[in-house]
Each structure stands twice: as structure tokens, then as C-alpha cells.
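The structure appears right after this line, and notes come after that.
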Amino acid sequence: MNSLRICVLRDEPVRGDGGFVLYWMVAARRTRHTFALQRAVAIARKARRPLLVLEALRAGYPYASDRLHRFVIDGMADNAARLRAAGVAYHPYVEPRPGDGKGLVAALARHACAVVTDDFPAFFLPKMLAAAAAQVPCRLEAVDGNGLLPVRVADRAFPTAYAFRRFVQARLAAWVADAPAPDPLGGPGLPRLPGLPDGVAERWPATEESIDLARLPIDHDVPPAPIRGGEAAARERLHDFVAQRLDAYDADRNHPDRDATSGLSPYLHFGHVSAHEVFAAVAPGWAAPPEGRRPDGRRDGWWGLDPSREAFLDQLVTWRELSFNRSALREDAATYDGLPPWARRTLEAHALDPRQHLYSLDDLESARTHDPLWNAAQRQLVREGRLHNTLRMLWGKKVLEWSPSPREAFERMTHLNDRYALDGRDPNSAAGIAWCLGLFDRPWGPERPIFGTVRYMSSQNTARKVAVREYLRRHGP
DNA sequence: ATCGGCTCGCGCAA
DNA sequence: TGCGCGAAGCCGAT
């Protein structure tokens, strides 16, 4: 495991007299293909101490809802089964009320040889980690298992996919070779942990899969999504995609009426599957581009694979990792102010243009606009927790067109996506939205009202280019 | 049906 | 300094 993956937040020797090594799982919520768990196991083996995995879910984080909670708790059931079978202590904890979990990590860390956790460059996790670092009295490491490349491998954020592709193409082969262990729990067993430190289980009791979400102070107006979360569902989804849909990905992925996308985004977001495992399933044995291929930033043919695999890997590697790189290196990544200067310039020059349709956030949230295709997209987001890629672009463009200002449009899109999308609050998802306002894109003439030179899209043209009849029917009122 | 122009910033070649 | 090129577009001319 490359040292760029490990961020030492508290640099102390591993305590020989600790009761266990603590892995505080917050982002890579899985037991396979995970650098963080692998690191925690390695420290525990060397110290000959048990491992304790704490998987926590707060109640008071932004947008906490039945939907997001259900998905994470599904994953906890998988992790519980796997870890308990491997003889590793596992403590799943869902906060009953905001703040109740305060002190749990510190209470465990007092007895720990060292603490390992996940490094995730977005949402409230960096702040939570910084706060925890002040409470943990022993060695604390945050492990970056987000992507094929460590998120901090570059020292700058890239402005375009083209520029990032050049960078990735020159380095990817080496990083692909440095993959996490498929099963970090394999090999010699660890000593068993006799029990949690006194008082911990009483004050912070373990959560059951059957927990009653209705009793939690979270947003009950966003019901669970129609898909199950967790590592097992993620793996099933991955293998189903590779077997059933990958071959037609290039031809079908942009067509809302065809069931052609991978649907892996929510699982990647919650760490129920790793980018490495997805990569290995899609491009088994891939080690390097064809002989003599230059890292020129071009998309086609670089991998030496068929067009469908190349198209999917461009999503998984170029676009996803571009957004993680941006999220880790730019403080303003998740804000309107983080848009490229040309885009802000042109949007603000048109901020006061008259709007033909001006909707309130409530109109948008309730899918009450004059545009049936947009309403269908919004209903898919609200009902299913996802939004087809092709329509997400159109969806965002129209939020810009129908909002009082570009800044307000950005806030609304972020709100709707973070609240309803299972993969909201993720760098990749956030970049997909910001793209609608010019991020990673280029200007396109002619200059238009509201958009300026930001790329324009119309529902009419979208419906002309791709079939949406079935989509409109399925996501009708 | 296809084509060019619209427009900006970059990386590289010269 | 010039040039080619880029997430998925749009529109009008041919």
C-alpha cells in the first residue's frame, strides 16, 4: 500500500498495552478490497492484538433520512455477518439522537493501540475527522481507499477531463498494480476481543438491522429507495452489469429508455464496493495500454479495449477520480465560487436577464413545471434516489434557466441532489451537477440569455435524439 | 442528413 | 506565438 494513501493525523507509536486496534469505518463501508481495513488488520497482526470495527452513523448530519439511513444500515447487516464469521469484533452504532454518539470514538480510543479510519474528501467527513483527531489520545491514521489513484497523488486540481486524462494515462498502470487485498480478513486469524470496554455497550448500544427508522429524528419525507444497500447487493449489481449490460454500454448508456447504466454510483458512494473491484471486473487482467500509446489525453483507444469498456472506464477512472482530485485539493469544490472563472463571468453577466419561467424551490421539488420531461426526471430522483445521466444534464440546465440567479440555481441543484440522490453528497455527483454550470466544460456559442456561453440544452432536442417515451411513462405523475 | 460557426484555456510544438 | 483540441449542443445553411 503506497504511503500516499495514509494520512497520519496523530503520529505516535502503536501502543503495545492497548486492548485492540480500532477501525472506525465511515466511508469504505465494506470488508473486501479495502485499504483501510487491510491497514487496520496489518497493525493488529503486528501488535498481536484483536481488531474492533466500529461502523457509526450519525443522526444529525445534513439530509439524514430514511433513504440514506436504510441504505447504510443494509450495509451494516452485511458487514456484521462477514466480520463476525471472521472472528472480528464489530460494533454498528446508529445514533438515536443528534449528539448521542459524542464521545464514543474517544471512549474506545482510550483503550486502543491505534485508530484507523477512512479519508473521504467531501461532505462533513473532513470536519468530523479533524474534530476526532483532537479527541483521540493514540496513533490515528486516515486511509484513502477512494479511487484507483490516491486522491492527493496530484498537487493541483485539473480544469478539464482532457488535462486530467493526460495525467492519469501517464501513471495508471503503476496504480492498478497496487490494489488492495481482495480479502483483508484472510490469512491467520487475530486474537479475539473478549468484549467492549466497560460501559460502552450500555451507553452506545449496537444497532440491529431491524431498527425502527420512524423513531429516529431524521427526514421521514424521503422514504427508502427501491434498491438494497450493502456490500452483497453491490457485488451482485456489479456482476449483473458486467454479464448483462456492459457489452451494450457504449451504444445504450445515453438512452433513458434502455436499462444500460451500471447503477453502481450509490454503492461506490457509500464504499459498499471499491473502484478497484469494479475495475478488475470490467477489465480483468488489464495492466497497461497498448505498446507505444502516448498519454495524450484522448479518450478513444487508450485502453486497448472494446468501446463499451473504454467508455465505462472513462466514467470510473477519468470522471470519478477527476472529481475526487478536485474535492480533495480545492476548498471551494462544493460551492458556486468553485466554478471556473469563464463560467462565472458569463453566468453573472446574464444573472439579471429576464426568465421566461421562474419557479420556486418548492415547485421544482414537487415536479410542478410546464416541462413533462423535466418533471419525469425530478420524479425519478425523488422516487428512486437516482437520475439517469442523460437527463441529469438536462435537469440541471433547466434549474439554471428557471431560477432567479446562477448562484441560487447551484444551491437548489445541490439541495435536491443531496436530499434525494443516494449518490448525492459525493464528489462525483457534485461535479455532475456543477458541469451543468460549466465545470470541466468549455464555452459554446452563441451567447444566449441566462446561459451566456455555458452550454445550452433543450428538452425538445433531448427528446429528439434519444427515446424517452418509456421514461415519461414510468416516471409519470 | 451533414457541416460549420459559435467560444475559452490548455499544453505542446515551433 | 500558433495551433489543435476538448462530456454528451444548438442552429441555420446546404
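Since the structure is predicted, the reported quantities are computational estimates derived from the model, not experimental observations. Below, chain A is the first sequence line, B the second, and so on; all start at residue 1.
Using a 4.0 Å heavy-atom cutoff across all strands shown, A/R392 reaches no nucleic acid atom at all. At the heavy-atom level, A/M393 lies under 4.0 Å from base atoms of the strands shown. Residue A/W444 is classed as a base contact, given a heavy-atom separation below 4.0 Å to a base. Note on A/R294: nothing from the nucleic acid sits closer than 4.0 angstrom, heavy atoms only. Within 4.0 Å (heavy atoms only), A/N254 reaches at least one base atom of the nucleic acid. The residue A/T390 sits apart from the nucleic acid: no heavy atom pair falls under 4.0 Å.
The closest donor-acceptor contact from the side chain of A/R5 to the backbone of A/D144 lies under 3.5 Å. No donor-acceptor pair under 3.5 Å is formed between the side chain of A/R344 and the backbone N or O of A/P340.
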*asked:* Let's test your reading of the pairing rules: Watson-Crick or G-U wobble, both distances under 3.5 Å, then write DNA chain C as a dot-bracket string with ( ), [ ], | and dots.
replied: ||||||..||||||

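With C/dG9, B/dG9, B/dT7 as the choices, the nucleotide that has an atom nearest any side-chain atom of A/M457 turns out to be C/dG9. Counting only heavy atoms from C-beta on, A/R448 has its side chain closest to C/dC10 among B/dT7, B/dG11, C/dC10. Of the candidates C/dC10, B/dT7, C/dA8, C/dA8 carries the atom nearest the A/R253 side chain, counting heavy atoms from C-beta on.
Taking atom CH2 of residue A/W435 and atom P of nucleotide C/dA8, one finds them 7 Å apart after rounding to whole Å. Between A/D296 atom CG and C/dC5 atom P there is a gap of 10 Å when expressed in whole angstrom units. A/L347 places its CG atom 16 Å from the P atom of B/dT7, with the value rounded to the nearest Å. Atom C1' of nucleotide B/dG11 and atom OH of A/Y162 are separated by 7 Å, given to the nearest angstrom. Rounding to whole angstrom units, CZ of residue A/F158 and P of B/dG11 are separated by 8 Å. The distance from atom CZ of A/R166 to atom C1' of B/dG9 is 12 Å, rounded to the nearest whole Å. A/L439 has its CG atom 14 Å from the C1' atom of C/dG6, to the nearest Å. Put simply, CG on A/D441 is 13 Å from P on B/dG9, counting in whole angstrom units.
For the ring pair (Phe, Tyr, Trp, His ring centres under 6.0 Å) criterion with A/F312, the lone passing option out of A/Y249, A/F279, A/W319 is A/Y249. Each of A/F120, A/F123, A/F71 was evaluated against A/F270; a single residue qualifies, A/F71, per the ring pair (Phe, Tyr, Trp, His ring centres under 6.0 Å) test.
Using a 3.5 Å distance cut-off with no hydrogens or angles, the side chains of A/D426 and A/H269 do pair a donor with an acceptor.
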*Decide side-chain contact (heavy atoms from CB on, under 4.5 Å) for A/F451 and A/E401; before the verdict, give the C-alpha distance in whole Å, the side-chain angles of both, and the deciding distance to 0.1 Å.*
CA-CA 7 Å; A/F451 287 80; A/E401 195 174 332; 3.7 Å; yes

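Using cut-offs of 30° and 60° on the angle between ring planes, the pair A/H388 and A/Y471 is perpendicular. Aromatic ring pairs are classed by plane angle as parallel below 30°, tilted from 30° to 60° and perpendicular above 60°; the pair A/W395 and A/W374 is parallel.
Atom CD of A/E348 is surrounded by more than 12 heavy atoms from other residues, nucleotides or ligands within 6.0 Å.
For the P atoms, the distance from B/dT7 to C/dC11 is 16 Å, rounded to whole Å. Separating the P atom of B/dA14 from that of C/dC5 is a span of 14 Å, rounded to the nearest Å. A distance of about 15 Å separates the P atoms of B/dG5 and C/dC3, rounded to the whole Å. Between C/dA7 and B/dC12, the two C1' atoms lie 23 Å apart (nearest whole Å).
Under 4.0 angstrom from either OP1 or OP2 of C/dG9 there lies no side-chain N or O belonging to A/K397. Contact between the side-chain N/O atoms of A/R455 and the OP1/OP2 oxygens of C/dC11 is not found at any separation under 4.0 Å.
Ionic pairing of A/R309 and A/D247 is present here: one or more N-O contacts between side-chain nitrogen and carboxylate oxygen are shorter than 4.0 angstrom. Salt-bridge annotation for A/E209 and A/R228: present, with a side-chain N of the basic residue lying under 4.0 Å from a carboxylate O of the acidic one.
For DNA chain B, no neighbouring residue in residues 298-335 of chain A is found when judged by any heavy atom under 4.0 Å.
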